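Side-chain atoms are counted along with the backbone in the values below, which use heavy atoms only and exclude waters and symmetry mates. Keep in mind that this is a model prediction, so the values were computed, not measured. Lettering of chains follows the sequences in order, A, B, ..., and the numbering in each one begins at 1.
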Amino acid sequence: MRIAISIDDTDNLESRGTGEIASLIAEELQQRGWGSCSYITRHQLYVHPDIPYTSHNSAMCFYAEVGEGWLEPVIEYVSGFLEKESAPGSDPGLCVAVPAKMAARNELIAFGRRAKGEVIGMDEAYDLARRLGVHLSQHGGTGQGVIGALAGAGLRMSGNDGRLKGFLEFGQPYRMLRVDELLQHPVVDVVKSVTGEALKDEDLVVLGEKPKTVLLEGESVLLVAASQSGNCEARWQTLHRKQLKAY
Amino acid sequence: MWHRDQRGNREFAHGKEAWGLAAEVAGGCGCFVADVEEEQVVEEELSCYNCRYRRWSVESFTCLRLPPLHVAA
């Protein structure tokens, strides 16, 4: 059974980030033999003076494949983890959704999209979670993180939002690789041009510093643009971080 | 370089895409600490845009480490 685990607002200015908390949870679930976990995605939410975020207002989400009987133990474990490990002054929230058991996934996705451009209250988040049969809980502080946690799950399920946590590493510090070689990386599902031009397997891609994939159409996509390097061998280059800010 | 926002915070006056200025300010700042990888948004690590003490605002970011600006008398 595939579940989405989404967390928000676990950090303060001096603590480790919410992304690291998500990584620790995913590692522990795997170590306990409860299931296997996917990559983690970061989802940007609304930046507005009325929202009490720490510094960037982003939620983190990952999928886990767990056995039917493990759902409740997972929720219990993650809840306890957030209570113990979240930073002082944070307002952590947890959402655990089972996409296959949700009749109205679109409502959760729509909530996620709204949370990128609207101030939403905790009551609305709890009401929606209850109606959709999604676990939503707060684990300290004001609990405001439930809004971002629910939104993060919806945005992950949309398949079209966010950047993956971490960057692509290869066995050696390659300066460029062919498209079919990039596709060998376990986290790269697709290599795609931002302008929509078709790529060939043998096309060369210049690798920028710390290349990163984004979530598009449910896949981890390495976006490339026409090469500016002056190297006539390479037709493409990976996007700069500045260009990935929009995802 | 900075102005006072409506809540009295020190806000970067040049928005979210002044790459050179943000790098220049961070280069001369004793408070800079790089944010976690997933929150870094520019290649050059030493940039206010990558600092863990920048708090994104609607138009720009506020610095949570430098002292607030005082209102001119």
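- Neither the backbone nor the side chain of A:Leu244 comes within contact range of chain B; no heavy atom of the residue lies under 4.5 Å from a heavy atom of that chain.
- There is no contact between B:Thr62 and chain A, counting heavy-atom distances below 4.5 Å.
- If you measure heavy-atom distances from B:Asp5 to chain A, you find no contacts under 4.5 Å at all.
- The heavy-atom pair separating A:Glu14 from B:Tyr53 by the smallest distance is OE1-OH, 2.8 Å.
- Surrounding CD of B:Glu59 are at most 12 heavy atoms belonging to other residues, nucleotides or ligands under 6.0 Å away.
- Nearest heavy-atom pair, B:Arg54 versus A:Ser55, reported as atom, atom and distance to 0.1 Å: O-CB, 3.3 Å.
- Looking at every heavy atom in both residues, B:Leu64 comes nearest to A:Thr54 through CD1-O, 4.3 Å.
- Within the 4.5 Å cutoff, no side-chain heavy atoms of B:Arg52 are placed close to those of A:His56.
- Closest of all the heavy-atom pairs between A:Gly17 and B:Val36 is N-CG1, 4.1 Å.
- Relative to the six-membered ring of B:Trp56, A:Lys245 meets both conditions, a distance below 6.0 Å and an angle of at most 45° to the axis.
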Test log, rule salt bridge (Lys or Arg N to Asp or Glu O under 4.0 Å), inputs B:Arg7 and A:Asp50: CA-CA 12 Å; B:Arg7 297 187 179 197; A:Asp50 291 345; 3.6 Å; yes
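- Checking side-chain atoms of A:Arg163 against main-chain N and O of B:Glu39 turns up no donor-acceptor pair under 3.5 Å.
- For the pair A:Lys242 and B:Tyr49, the minimum side-chain heavy-atom distance is 4.5 Å or more.
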Working for side-chain contact (heavy atoms from CB on, under 4.5 Å), residues A:Lys210 and B:Glu43: CA-CA 8 Å; A:Lys210 298 182 179 174; B:Glu43 269 67 26; over 6 Å; no
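- When heavy atoms are compared at a cutoff of 4.5 Å, B:Gln40 approaches chain A by way of both its backbone and its side chain.
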A:Glu20 and B:Glu38: CA distance, side-chain angles, deciding distance, side-chain contact (heavy atoms from CB on, under 4.5 Å) verdict: CA-CA 10 Å; A:Glu20 189 179 338; B:Glu38 60 269 22; 5.5 Å; no
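- Ion pairing between B:Glu37 and A:Lys165 fails under the 4.0 Å rule for side-chain N and carboxylate O.
- With a 4.5 angstrom heavy-atom cutoff, B:Val41 touches chain A via backbone and side-chain atoms both.
- Smallest separation of non-hydrogen atoms from B:Val58 and A:Pro49: CG2-CD, 4.0 Å.
- A:Ser15 touches chain B through its backbone: at least one of N, CA, C or O sits under 4.5 Å from a heavy atom, while the side chain does not.
- With a 4.5 angstrom heavy-atom cutoff, A:Tyr46 does not touch chain B via any of its atoms.
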